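Just so you know, these numbers come straight off a predicted model, no measurement behind them. Just so it is clear, the values below take in all heavy atoms, side chains as well, and ignore hydrogens, waters and symmetry mates.
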Amino acid sequence: MRHGRVVRGATCCVMLAAWAFAPARADEQLPEATSPEAILLPVPMPLTGSRDIAVRGTILRQLDRLRGQPDRRGVLVLRFDSAVGDDAAASDFGRALELARFLTSGRIDGVKTVAWLPDGARGHAVLVALACDTIAMPVTAELGPANVNEPVIDDAMRAAYREIASRRRTVPPAVAVALVDPQSRVLRVTTDVGSEFVAEGAIAEVEERAAVVATERLEPVPLSLTGRRARELGFVGLVASSPAELARGLGVAERLLVADPSLEGGWNGVQVSLAGGIGPDTVSRVQTRIERAVNDGANFICLKIDSAGGSPEQSLVLANWLAGLDRARVRTVAWVPSEARGDAAL
């Protein structure tokens with residue numbers, strides 16, 4: 001609807017669909033010519049069952065797109081999301097290790113990986129974060145400890161954290177081990193040639209090759225680091241609490257950092273009809289049908305509207321509810337084959 005007039009029929013459908021999937025707004029003022037390709041992929045935490053396999057499959061399907069600019073390195077942002085009702089720190093060690101090894105393998109060479117931790121990361125989700133080129137998180141969020149829900153830390157876990165940290169070098173291996181092993185202590189050692197992070201028992205080795213000026217033990221034990229502290233130590237590449245901050249830090253267009261629900265396996269659409277007068281029963285019926293469709297796997301909702309309006313209050317309730325749907329799970333398009341007059345236009 002423009003300037004009080006109703007746009008009718010198939011023309012409206014085309015216009016709305018084009019708007020919903022347009023690559024950028026004209027007023028966005030983004031450096032499109034210089035912005036690298038970027039994809040945001042939600043990673044549900046904890047990693048249990050086959051979640052890691054689904055994430056790997058989605059990444060593999062997007063590699064050609066991320067490598068499509070020969071002069072720029074594509075950016076893959078893995079946003080760590082906590083599943084509702086689940087313990088986000090309860091990731092399975094084996095699942096996390098498989099995903100971490102994939103992220104540090106040659107299969108995704110040429111792509112910059114970013115672990116974005118809006119709520120931090122605990123448990124073995126930490127291992128996956130260590131496998132990325134860059135870690136981004138808010139200043140108050142925490143990285144670690146990684147030994148949550150693990151009563152015993154064995155040599156295999158220590159070796160895995162050391163292995164992934166050595167491959168990626170986002171976090172020094174000694175720090176990675178201290179994040180998972182509460183018995184490990186790590187020092188920041190300042191020498192006459194620079195500074196490094198080593199296990200407390202390895203200080204003698206440092207003294208043999210350089211003059212130690214100062215030492216600092218990283219606290220607390222078991223080790224966990226806020227975004228601010230990790231940034232000071234050089235482990236976090238970006239401090240970001242919103243997509244806008246993350247986009248600026250990465251130098252990518254913000255519109256690219258919106259989760260696309262079709263990435264996992266294409267669009268699964270359903271049409272829901274909103275016809276006649278709008279009232280409490282109509283709103284409840286539409287909400288129920290959409291919720292049922294989403295729960296059944298739909299990620300694209302076509303809302304077919306043929307209404308002259310009814311209750312402005314109820315139309316506003318439905319409009320706000322539609323606007324609040326999680327864009328990472330479902331996209332909505334309004335189709336008006338005949339009319340959406342009065343409050344139905346909301």
Side-chain angles (χ1 to χ4, degrees), residues 24-25 27-31 35-47 55 59 73-91 96 99-100 103 111-146 148 168 170-171 175-176 179 218-220 223-261 263 320 323-330:
R25 298 191 309 270
D27 62 350
E28 216 166 0
Q29 301 296 323
L30 295 174
S35 174
E37 184 62 77
I39 292 174
L40 184 143
L41 176 60
V43 180
M45 294 294 168
L47 286 173
V55 170
I59 292 173
R73 193 180 179 198
V75 180
L76 173 64
V77 177
L78 302 178
R79 187 186 68 198
F80 287 32
D81 288 352
S82 301
V84 176
D86 288 346
D87 180 0
S91 291
L99 182 54
L103 291 170
V111 175
K112 178 178 180 178
T113 53
V114 179
W116 184 27
L117 319 177
D119 301 312
R122 300 171 70 240
H124 294 303
V126 172
L127 186 59
V128 181
L130 300 183
C132 295
D133 293 303
T134 298
I135 298 175
M137 57 192 295
V139 293
T140 56
E142 292 194 6
L143 178 67
V148 178
R168 187 57 72 197
T170 302
V171 171
V175 176
L179 283 167
L218 299 191
E219 302 288 353
L223 186 62
S224 65
L225 301 166
T226 64
R228 178 180 287 106
R229 179 61 169 155
R231 176 64 172 157
E232 292 170 355
L233 295 171
F235 308 151
V236 164
L238 291 172
V239 172
S241 57
S242 69
E245 292 177 351
L246 185 63
R248 285 195 296 270
L250 294 174
V252 304
E254 184 182 347
R255 66 176 178 81
L256 297 176
L257 299 185
V258 175
D260 183 345
L263 290 180
N320 284 328
L325 290 174
D326 184 359
R327 291 194 68 193
R329 294 187 65 197
V330 61

> After noting the C-alpha distance and the side-chain angles of Met45 and Asp119, does the key distance pass the side-chain contact (heavy atoms from CB on, under 4.5 Å) rule?
Replying inline: CA-CA 11 Å; Met45 294 294 168; Asp119 301 312; over 6 Å; no

> Considering only heavy atoms from C-beta outward, does the side chain of Leu256 approach that of Glu37 to under 4.5 Å?
Replying inline: yes

>> For a 4.5 angstrom cut-off between non-hydrogen side-chain atoms, does Pro36 reach Val252?
In response: yes

> Any side-chain heavy atom of Trp116 sitting closer than 4.5 Å to one from Leu257?
Replying inline: no

> Do Ser91 side-chain atoms and Ala96 backbone N/O form a donor-acceptor pair below 3.5 Å?
Replying inline: no

>> In the structure I gave you, are the side-chain heavy atoms of Ile59 and Val111 within less than 4.5 Å of one another anywhere?
In response: no

> Which value, rounded to the nearest 0.5 Å, describes the distance between Lys112 atom NZ and Leu76 atom CG?
Replying inline: 12.0 Å

> So do Leu103 and Leu78 actually touch side chain to side chain, heavy atoms under 4.5 Å?
Replying inline: yes

> side-chain contact (heavy atoms from CB on, under 4.5 Å) between Arg228 and Val239: does it pass, once the steps are laid out?
Replying inline: CA-CA 8 Å; Arg228 178 180 287 106; Val239 172; over 6 Å; no

> Under the side-chain contact (heavy atoms from CB on, under 4.5 Å) criterion, do Asp133 and Arg73 qualify, and how do the steps go?
Replying inline: CA-CA 12 Å; Asp133 293 303; Arg73 193 180 179 198; 3.2 Å; yes

>> So, taking the atom named CZ in Arg122 and the one named CG in Asp87, what distance separates them when rounded to the nearest 0.5 Å?
In response: 7.5 Å

>> Would the distance check show the side chain of Thr113 and the main-chain N or O of Cys132 forming a donor-acceptor pair, the cut-off being under 3.5 Å?
In response: no

>> Between Leu143 and Phe235, does the side-chain contact (heavy atoms from CB on, under 4.5 Å) criterion hold? Intermediate values first, please.
In response: CA-CA 10 Å; Leu143 178 67; Phe235 308 151; 5.7 Å; no

> Are any side-chain N or O atoms of Arg231 and backbone N or O atoms of Val236, one a donor and one an acceptor, separated by less than 3.5 Å?
Replying inline: yes

